[in-house]
Colleague: 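Quick one: the structure is below, questions incoming.
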Amino acid sequence: MTAIVDCNSFYCSCERLFRPDLRNKPVVVLSNNDGCIVSRSDEARALGVGMAVPYFEARHIIEKHGIAVFSSNYHLYGDLSYRVMETLRTLAGDRSKVEVYSVDEAFMDLSDVPEDQLVDHARHIKTTVEQWTGIPVSIGVAPTKTLAKLANRLAKKDKIASSCVTVIATAEEQRLALQQTRVDDLWGIGGAYAVKLINQGITSAWELSNMPEEWAHSHLGGVVGVRLIRELKGLPAIFMEEELVDKKMIATTRMFGRPVTSVTEIKEAVATYISRSAEKLRRQQSAAGVVSVFIVAKEQSHSTYFRHGPTISSYTTLPHPSCLTHELIKAATGLVDQLFEEGKSYKKAGVMLSGLVPDGSIQGNLFVPPAENQHRFLMHTIDNINFAMRDDSVKFGASGMNKDWKMRQELRSRRHSTRWEELKGVK
DNA sequence: TCTGGGGTCCTAGGACCC
DNA sequence: TCTGGGGTCCTAGGACCC
């Protein structure tokens, strides 16, 4: 059996941890740039605040009911996420039995737990995580990952009846669970497939689970659809994954805090994003062979279909894979020159590093003079200083000094658990 | 009008996730 | 006026090879 442990309204729960006065009160957390709502407490949901709704649209409800609003505080959420995951690993006994799936979710392999003890075991996990970290979680347990996700949904749907734990073990429980779940609420069915399925008269998860695999192969994304059907039938087709798999692509993209019209500022932003990406690259000891850049112009027309405006992108293949920030910046800012059009106004830019290879493999490159290896020490030193001092103490000039194109984060809480200066005071 | 068979590699794009 | 960011996997189709 597999469990999925999912933190309840994770970002909101993190904020509440340091604001006990907000317990049982409506809370929402905004995305970067204070754009839209990415987390909402049950109380906020009950007041009619939708998920992923733009902030400015929900603002009237928020103000009317005095809902507490926060900008995203990733330092805080990242740290609390780590604590939750470490707790799960401790409880599992074996680190390989925990697969961190996202910042607020982890799968756990419970194959060693006897079936009649699953409920108690899951409850024990839940109480322990809450005691140790202060973060409330819901747990779904089932024979497959997809069914575990489904069980978790049911647990969250009625937290009081389920005590946030749902176990699907018997065939009968499985059938009931599938029958009461809409097809578009399944893990693996997004907007496009949902429309397709409903048009064909398949509305419940139960109906989908009874479709033939060949049909899924031709209509639901090939092998992906086949796996989904199997999982719904209780036959595992998506397995626990190894942790710490190196990323195959590294991206940093941001909206600007205001429209940007100068090529210099776009280059500053792109250099800043490259620096961040290069840091991630070095952390996993990789080097990138391909650098891509994209910029998004502010929409010209008023059509709602073009809310993002056209994305213009370009990429370049480096002469040899690199993890050196200045090399990557040079390539990326060159691409900006290709893409930028004078007179246009831009709202977003992003960079992507791909064609990643292990950094070790390029050590012996004949075309790199030995002196270049000094750059590696430089990068290492910069990373160490920035890690110790935080907030980009050392950066490349190309990243700019003012950065007034930076995103808005006007309502961010303090980084209580990762900054001495922002430690919570107790009177 | 007719035009092999089998393979690999790469890229673009679609779909999904949180 | 104001709508996030960072990923993954898969398929189709083109280029190329023998």
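Chain letters run A, B, ... following the sequence lines, proteins first and then strands; every chain starts at 1.
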Colleague: So if I define the base as every atom that isn't primed, P, OP1 or OP2, how would nucleotides 13-18 of chain B read as a B/S/- string at a heavy-atom cutoff under 4.0 Å?
Modeller: --SSSS

Colleague: Taking only residues two or more places apart in sequence or in another chain, which ones pass side-chain hydrogen bond (donor to acceptor under 3.5 Å, both in side chains) with A:E43?
Modeller: A:R16, A:S41

Colleague: Can you name the salt bridge (charged side-chain N to carboxylate O under 4.0 Å, His left out) partners of A:E342, sequence neighbours left out?
Modeller: none

Colleague: For A:H124, check ring pair (Phe, Tyr, Trp, His ring centres under 6.0 Å) against everything at least two apart and list the hits.
Modeller: none

Colleague: For C:dG5, take OP1 and OP2 only and decide whether either is under 4.0 Å from a side-chain N or O of A:S31.
Modeller: no

Colleague: Looking at the side chain of A:F56, which of C:dC2, C:dG4, B:dA12 is the nearest nucleotide?
Modeller: C:dC2

Colleague: Establish, with yes or no, whether the OP1 or OP2 oxygen of C:dC2 is under 4.0 angstrom from a side-chain nitrogen or oxygen of A:K347.
Modeller: no

Colleague: Within a radius of less than 6.0 Å around NZ of A:K159, do more than 12 heavy atoms belonging to other residues, nucleotides or ligands occur?
Modeller: yes

Colleague: Closer to the 5' end of DNA chain C via nearest nucleotide, is it A:V224 or A:D34?
Modeller: A:D34

Colleague: Rounded to whole Å, how long is the line connecting atom CZ of A:F256 with atom P of C:dT3?
Modeller: 13 Å

Colleague: Rounded off to whole Å, could you give me the CD1-to-P distance for the A:I37 and C:dG5 pair?
Modeller: 16 Å

Colleague: Between B:dT3 and C:dC18, how many Å separate the two P atoms, rounded to a whole number?
Modeller: 25 Å

Colleague: Among all residues two or more places apart in sequence or in another chain, which pass the salt bridge (charged side-chain N to carboxylate O under 4.0 Å, His left out) test with A:K25?
Modeller: none

Colleague: Compare the minimum distances between each of C:dT8, C:dC10, C:dG5 and the side chain of A:K247, then state the nucleotide with the smallest one.
Modeller: C:dT8

Colleague: Could you list by number each residue of residues 201-213 of chain A showing a heavy-atom separation from DNA chain B of less than 4.0 Å, or answer none if no residue does?
Modeller: none

Colleague: More 5' along DNA chain C: A:A52 or A:T252, using each one's nearest nucleotide?
Modeller: A:A52

Colleague: CZ of A:R412: more than 12 outside heavy atoms within 6.0 angstrom?
Modeller: yes

Colleague: Can you list the residues that meet the ring pair (Phe, Tyr, Trp, His ring centres under 6.0 Å) rule with A:Y101, with sequence neighbours excluded?
Modeller: A:F107, A:W187

Colleague: In whole angstroms, how far is the P atom of C:dG5 from the OH atom of A:Y273?
Modeller: 8 Å

Colleague: Classify the nucleic acid contact of A:V223 as base, sugar-phosphate or nothing, counting any heavy atom under 4.0 Å across all strands shown.
Modeller: sugar-phosphate

Colleague: Please classify the nucleic acid contact of A:S72 as base, sugar-phosphate, or nothing, using heavy-atom distances under 4.0 Å.
Modeller: nothing

Colleague: Can you tell me how far C1' of C:dG4 sits from OH of A:Y77, to the nearest Å?
Modeller: 13 Å

Colleague: Just the rounded figure in Å: distance from C1' of C:dG4 to CZ of A:R40.
Modeller: 16 Å

Colleague: For A:K280 and C:dG5, is the shortest distance between a side-chain N/O and OP1 or OP2 below 4.0 Å?
Modeller: no

Colleague: Rounded off to whole Å, could you give me the OH-to-P distance for the A:Y315 and B:dC10 pair?
Modeller: 12 Å

Colleague: Considering only heavy atoms from C-beta outward, does the side chain of A:D6 approach that of A:D104 to under 4.5 Å?
Modeller: yes

Colleague: Mind checking A:R227 for me? I need base, sugar-phosphate or nothing, with any heavy atom below 4.0 Å counting as a touch.
Modeller: sugar-phosphate

Colleague: Just the dot-bracket of DNA chain B, please: which string comes out with Watson-Crick or G-U pairs under 3.5 Å, [ ] for crossing, | for another strand?
Modeller: ....||||||||||||||

Colleague: Give every residue pair that meets the ring pair (Phe, Tyr, Trp, His ring centres under 6.0 Å) criterion with at least one member in residues 26-72 of chain A, sequence neighbours excluded.
Modeller: none

Colleague: How would you list, by chain and number, every residue that makes a ring pair (Phe, Tyr, Trp, His ring centres under 6.0 Å) with A:Y82, sequence neighbours excluded?
Modeller: none

Colleague: Could you state the CG-P distance from A:L353 to C:dT8, rounded to the nearest angstrom?
Modeller: 12 Å

Colleague: Look at the side chain of A:T253 and decide which nucleotide, out of C:dT3, C:dG5, C:dC10, has an atom nearest to it.
Modeller: C:dG5

Colleague: Nearest to the side chain of A:R254, heavy atoms from C-beta on, is which of C:dT3, C:dG5, C:dC9?
Modeller: C:dG5

Colleague: Is any NZ, NE, NH1 or NH2 atom of the basic residue among A:R258 and A:E265 found under 4.0 Å from an Asp or Glu carboxylate oxygen of the other?
Modeller: yes

Colleague: Take the protein atom CG of A:N73 and the nucleotide atom C1' of C:dG4, then report the distance between them rounded to whole Å.
Modeller: 16 Å

Colleague: Reckon A:K298 has a side-chain N or O less than 4.0 Å from the OP1 or OP2 of C:dT1?
Modeller: no

Colleague: How would you list, by chain and number, every residue that makes a ring pair (Phe, Tyr, Trp, His ring centres under 6.0 Å) with A:Y11, sequence neighbours excluded?
Modeller: A:Y77

Colleague: Taking only residues two or more places apart in sequence or in another chain, which ones pass side-chain contact (heavy atoms from CB on, under 4.5 Å) with A:S96?
Modeller: A:D94

